[in-house]
There are 2 protein chains.
Amino acid sequence: MEILDAAARLFAARGFHGVSIEDIGGAVGVSGPALYRHFSGKEALLAEMLLDVSERLHASAASRVTTAPSPEAALDALLSGQIEFALSHPSLITVHDRELGNVPEPARRQIRRLQRLYVEEWVTVLSELHPACPPARLRAATHAVFGLLNSTPHSAGELPEEAMARLLLGMARTALATLNDDGS
Amino acid sequence: MEILDAAARLFAARGFHGVSIEDIGGAVGVSGPALYRHFSGKEALLAEMLLDVSERLHASAASRVTTAPSPEAALDALLSGQIEFALSHPSLITVHDRELGNVPEPARRQIRRLQRLYVEEWVTVLSELHPACPPARLRAATHAVFGLLNSTPHSAGELPEEAMARLLLGMARTALATLNDDGS
DNA sequence: CGCTGACGTTAATGGTGACTAACATCGGCG
DNA sequence: CGCCGATGTTAGTCACCATTAACGTCAGCG
């Protein structure tokens, strides 16, 4: 929805508390309290936004993994999916890992659950590729790769999108290839 | 200073606008307006915090690079420095790349300058190691590595600090080693 | 002793912002 | 036509919060 898009851009730029309902309304051409016709409140708007992101990421990951013919292919599918999403929705990525704390409780738990499932999707694939590697290490590596891939908002415009996608894919692939080294 | 430490933790957790002067005072055992004896205002407090971080990072990088015997050693020194900082000051790292937009103008320009210098320190070293690689690509890769290294706040507690440091160092090193591949 | 400067405290004050109320507009459909 | 639900609008209301004012305390030192 147009409202959620505008809100995502604003939240990413100034943070949840740095954006007023008026700002969001203004960004879509209506003014202020009109938003209450569509959302029960500011927090509910954020909740819907983050829930939607988490669902899309998790659903895409689950489907890619189950249709991949091999763990190697599954990992590549996960990487491409995350890169594609991060490049096309930088604000959503930013808000997604910054503003969970402002989501009220019923929804927050569900978002957390989906995020956990998403991470476990990665950990499962990685553990097939690196059976000797303890899960905690795989989880930490997964978060590290997310950090790498989600860096796109910080290097905005340095490279054309295609080149950036290839660069990130290459870096992430090789970064994950080190996981069999025992880390000593 | 104790006030800046407490403020950093609070800003990292709830965002600049999500924290009140009262909150910060409360966290150090005084209450509210007492902080105006130490800072001219909330934004000035943030400015001092970010300026200090940027200076420390840049100064440490500059000294490590100039004393390193080779580009390879310089890169390792940069990596270790950033990892050490990220692991010991996760909140500062978080605030540092989230809240620059809330710093008022005189200070903001200076922080940006230091951040840019810090990045260029990395790019210079990398360009000696990968002479064929265009600077824009090196800059993007640098930001990607920052994202990887700064992921520690997200994987808090998965691994003991030493193991996490080694994991991040290994992943970052190999991720950067791909830079000679032409990205096609 | 008595001043002074560092540091705190508790009341304003003033602005901002989420949310609600009361009041249009208007397209569709009986 | 005339009602209705969806969607907006503008004017409150009320809480929160940064900042300032006015007023202690007290250690050090003349």
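Considering every non-hydrogen atom in both A:Pro71 and A:Glu128, the closest pair reads CG-OE1, 3.3 Å. Heavy atoms only, all atoms of each residue included: A:Ser155 and B:Ala140 are closest at CB-CA, 4.2 Å.
Between the side chains of A:Thr94 and A:Arg98, no donor-acceptor pair of N or O atoms lies under 3.5 Å. Under 3.5 Å, the side chains of B:Ser60 and B:Arg56 contain no donor-acceptor pair of N or O atoms.
C:dG17 atom C1' lies 13 Å from atom CG of A:Leu35, rounded to whole Å. The CD1 atom of B:Ile3 sits 13 Å away from the C1' atom of C:dA6 (whole-angstrom rounding). In this structure, B:Ile24 places its CD1 atom 15 Å from P of C:dG8, rounding to the nearest Å. In this structure, the CZ atom of A:Phe39 is 13 Å from the P atom of C:dC19, given to the nearest Å.
Classification of the A:Trp122-A:Phe146 ring pair by plane angle, with boundaries at 30° and 60°, yields perpendicular. Note on ring orientation: taking the six-membered ring where Trp is involved, the planes of B:Phe85 and B:His89 are tilted (angle from 30° to 60°).
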Polar atom pairs (N or O), protein with nucleotides 16-20 of chain D, under 3.5 Å:
residue	atom	partner	partner atom	Å
D:dA18	OP1	B:Val19	O	3.3
D:dA18	OP1	B:Lys42	NZ	2.9
D:dA18	OP2	B:Ile21	N	2.7
D:dT19	OP2	B:Tyr36	OH	2.7
D:dT19	OP2	B:Lys42	N	3.0
D:dT19	O5'	B:Tyr36	OH	3.2

Please tabulate the protein-to-nucleotide N/O contacts below 3.5 Å involving nucleotides 24-26 of chain D, giving atom names and distances.
none

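Results of the salt bridge (charged side-chain N to carboxylate O under 4.0 Å, His left out) test with A:Asp23 over A:Arg9, A:Arg14, A:Lys42 single out A:Arg14 as the only residue that passes.
Under the 4.0 Å criterion applied to side-chain N and carboxylate O atoms, A:Arg116 and A:Glu120 are not assigned as salt-bridge partners.
In terms of phosphate contacts, A:His38 brings a side-chain nitrogen or oxygen within less than 4.0 Å of OP1 or OP2 of D:dG8.
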